[in-house]
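Quick note on labels: first sequence line is chain A, next is B, and so on, each numbered from 1. Heavy atoms only: backbone and side chains are in, while hydrogens, waters and symmetry mates are out.
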Number of protein chains: 2
Amino acid sequence: MILKSQVEWALHCCAILSSLPEGRFLSTKALAELHGLPKEYLSKALQSLSHAGLVHTTLGPSGGYRLARPPEQLTFLDVVEAVEGEGPTFVCQNIRANNPCRPQGYCESTPCAIARTMWQADEAWRTALRKVTFAELAKTLEQEVSPQIWAGTFEWVLKRAG
Amino acid sequence: MILKSQVEWALHCCAILSSLPEGRFLSTKALAELHGLPKEYLSKALQSLSHAGLVHTTLGPSGGYRLARPPEQLTFLDVVEAVEGEGPTFVCQNIRANNPCRPQGYCESTPCAIARTMWQADEAWRTALRKVTFAELAKTLEQEVSPQIWAGTFEWVLKRAG
DNA sequence: ATATTACGGATATTGGATATCCCTATTTGG
DNA sequence: CCAAATAGGGATATCCAATATCCGTAATAT
Ligand code: SF4
Ligand code: SF4
């Protein structure tokens with residue numbers, strides 16, 4: 001059970017977009033170059049973000065993406081779910097229904113304890129991701145990333161942002 | 001990102017084995033019949049449990065599986081990790097290394113904040129699963145499952161347990 | 001007008017999950 | 001001792017989602 005690599009891509013892109021000045025846009029091409037990713041395929045991940053309403057887009061030269069909300073209101077969970085979907089990791093096949101000891105046509109009323117436990121774990125995972133916003137991430141990155149790279153990247157991005 | 005169905009199978013099998021009287025064994029064949037699963041493939045899941053040391057096995061007629069520890073000491077996490085593996089759900093491809101603004105040969109010292117956040121969420125998921133033992137599951141199931149089915153299944157299992 | 005962009009459909013390619021088959025060593029029960 | 005039953009493991013086939021590429025369309029800035 002491994003998340004798609006698009007999740008990492010989308011998280012990185014949102015991290016970059018978080019530090020983009022108000023009102024400016026960054027294109028798929030720039031984001032792909034910056035991260036060394038296939039442009040056409042990264043585009044699909046960005047479209048997922050767009051479809052989820054997390055980013056706004058503009059067409060034409062100097063077009064691209066910007067965050068739809070301030071980074072304080074964008075969480076890791078938003079991005080992960082936009083790309084990976086909102087479904088549970090544990091999908092119950094209801095195999096208890098195959099129990100030969102069950103009376104024919106018997107129908108359980110409640111989801112069983114096994115599934116509930118797995119879903120609670122899913123919820124704990126989601127809760128952890130919901131707690132971290134991109135504002136906090138930006139703060140952490142600014143402390144941890146080498147100032148030289150930080151400034152260089154910022155300049156690189158600004159030069160390409162429409 | 002969806003868990004393999006083998007996870008559900010293994011959880012169900014351990015639930016059954018939890019209520020098996022001390023010293024007796026239940027075969028793959030019986031477990032497959034009880035849950036309506038392909039015997040040969042279920043066998044792979046049970047082998048994972050065996051390889052992880054969660055169950056003991058015996059060969060020959062009347063052979064099969066029993067829990068290696070009391071249900072109080074067997075957690076959901078044990079079973080899930082035995083089948084699904086212990087790796088993180090978020091695999092970092094280190095795409096920050098592709099940043100064209102980085103000096104050549106530059107090497108980050110610490111895993112980045114994005115990966116750490118994702119791994120923390122993984123840990124929250126694991127913690128939730130580690131909290132639930134099969135002793136607690138048995139207690140819940142006994143309360144929730146219809147007494148008729150519960151008794152019938154118990155009898156069905158005992159008849160086939162070696 | 002032209003170049004650039006997001007978007008979406010179509011289409012490979014790949015790898016892991018699913019599933020089956022068969023052989024071997026071991027143990028039980030007769 | 002013998003025959004049946006069992007776990008274990010290797011080989012193989014199938015299926016499907018993730019990965020990746022390509023191209024056409026509409027919109028937009030210069
Ligand atoms: S017991 Fe729970 S996990 Fe298993 S089939 Fe039923 S609902 Fe699904
Ligand atoms: S920034 Fe973090 S998640 Fe992204 S490539 Fe680097 S270590 Fe991996």
| said: Taking any heavy-atom pair under 4.0 Å as a contact, classify B:Gly64: base, sugar-phosphate, or nothing. | reply: sugar-phosphate
| field | Options C:dC7, D:dA7, D:dT21, nucleotide nearest the side-chain atoms of A:Pro38 | value | D:dT21
| task | Grab the NE2-C1' distance between B:His56 and C:dT27 for me, whole Å please. | result | 17 Å
| Roughly, in whole Å, what's the span from CD in A:Glu40 to P in C:dA6? | 10 Å
| query | What is the distance, rounded to the nearest whole Å, between atom NZ of A:Lys4 and atom P of C:dA17? | reply | 15 Å
| query | Taking only side-chain nitrogens and oxygens of B:Thr57, does any of them come within less than 4.0 Å of OP1 or OP2 of D:dT6? | reply | no
| query | What's the spacing between B:Leu11 CG and A:Met118 CE if we round to 0.5 Å? | reply | 6.0 Å
| In whole Å, what is the span from the CZ atom of A:Arg160 to the P atom of C:dT4? | 15 Å
| field | Nearest-nucleotide comparison on DNA chain D, the residue closer to the 5′ end among A:Gln6 and B:Lys29 | value | B:Lys29
| said: Could you tell me how far apart B:Tyr65 (OH) and D:dT6 (P) are, to the nearest whole angstrom? | reply: 12 Å
| said: For B:Arg160 and B:Lys29: C-alpha separation, side-chain torsions, deciding distance, then whether side-chain contact (heavy atoms from CB on, under 4.5 Å) applies. | reply: CA-CA 10 Å; B:Arg160 285 160 182 83; B:Lys29 190 181 167 211; over 6 Å; no
| task | Describe, in one word, how the ring planes of A:Phe76 and A:Phe134 are oriented to each other, choosing from parallel (under 30°), tilted (30 to 60°) and perpendicular (over 60°). | result | parallel
| Presence of salt bridge, A:Glu123 and A:Arg130, under 4.0 angstrom | yes
| message | Assess, by modelled atom type and distance only, whether the side chains of A:Thr140 and A:Glu136 contain a donor and an acceptor separated by less than 3.5 Å. | response | no
| query | Has A:Gln47 got a side-chain N or O lying under 4.0 Å from the OP1 or OP2 atom of C:dG8? | reply | yes
| When you check every protein heavy atom under 4.0 Å of nucleotides 24-30 of chain D, what one-letter string (B, S, -) results, 5' to 3'? | ---BBB-
| query | Rounded to whole angstroms, how far apart are CE on B:Met1 and P on D:dA18? | reply | 11 Å
| message | Does A:Glu155, at its CD atom, have more than 12 non-hydrogen atoms belonging to other residues, nucleotides or ligands within less than 6.0 Å? | response | no
| message | Atom CD of residue position A:Gln148 - does it have more than 12 heavy atoms of other residues, nucleotides or ligands inside 6.0 Å? | response | no
| task | For A:Leu3 and C:dG16, give me the distance from atom CG to atom C1', rounded to whole Å. | result | 15 Å
| Between A:Thr89 and B:Ile2, is any pair of side-chain heavy atoms under 4.5 Å apart? | no
| request: Using only side-chain N and O atoms of A:Tyr41, determine if any of them is under 4.0 Å from OP1 or OP2 of D:dT19. | output: yes
| request: Return the value, rounded to whole Å, for the distance between atom NE2 of A:His51 and atom P of C:dA6. | output: 17 Å
| task | Considering only NZ, NE, NH1 and NH2 on the basic side and carboxylate oxygens on the acidic side, decide whether B:Arg126 and B:Glu81 come within less than 4.0 Å. | result | yes
| request: Would you give a per-nucleotide map of nucleotides 10-15 of chain D, 5' to 3', where B means the base has a protein non-hydrogen atom under 4.0 Å away, S means only the sugar-phosphate does, and - means neither? | output: B-----
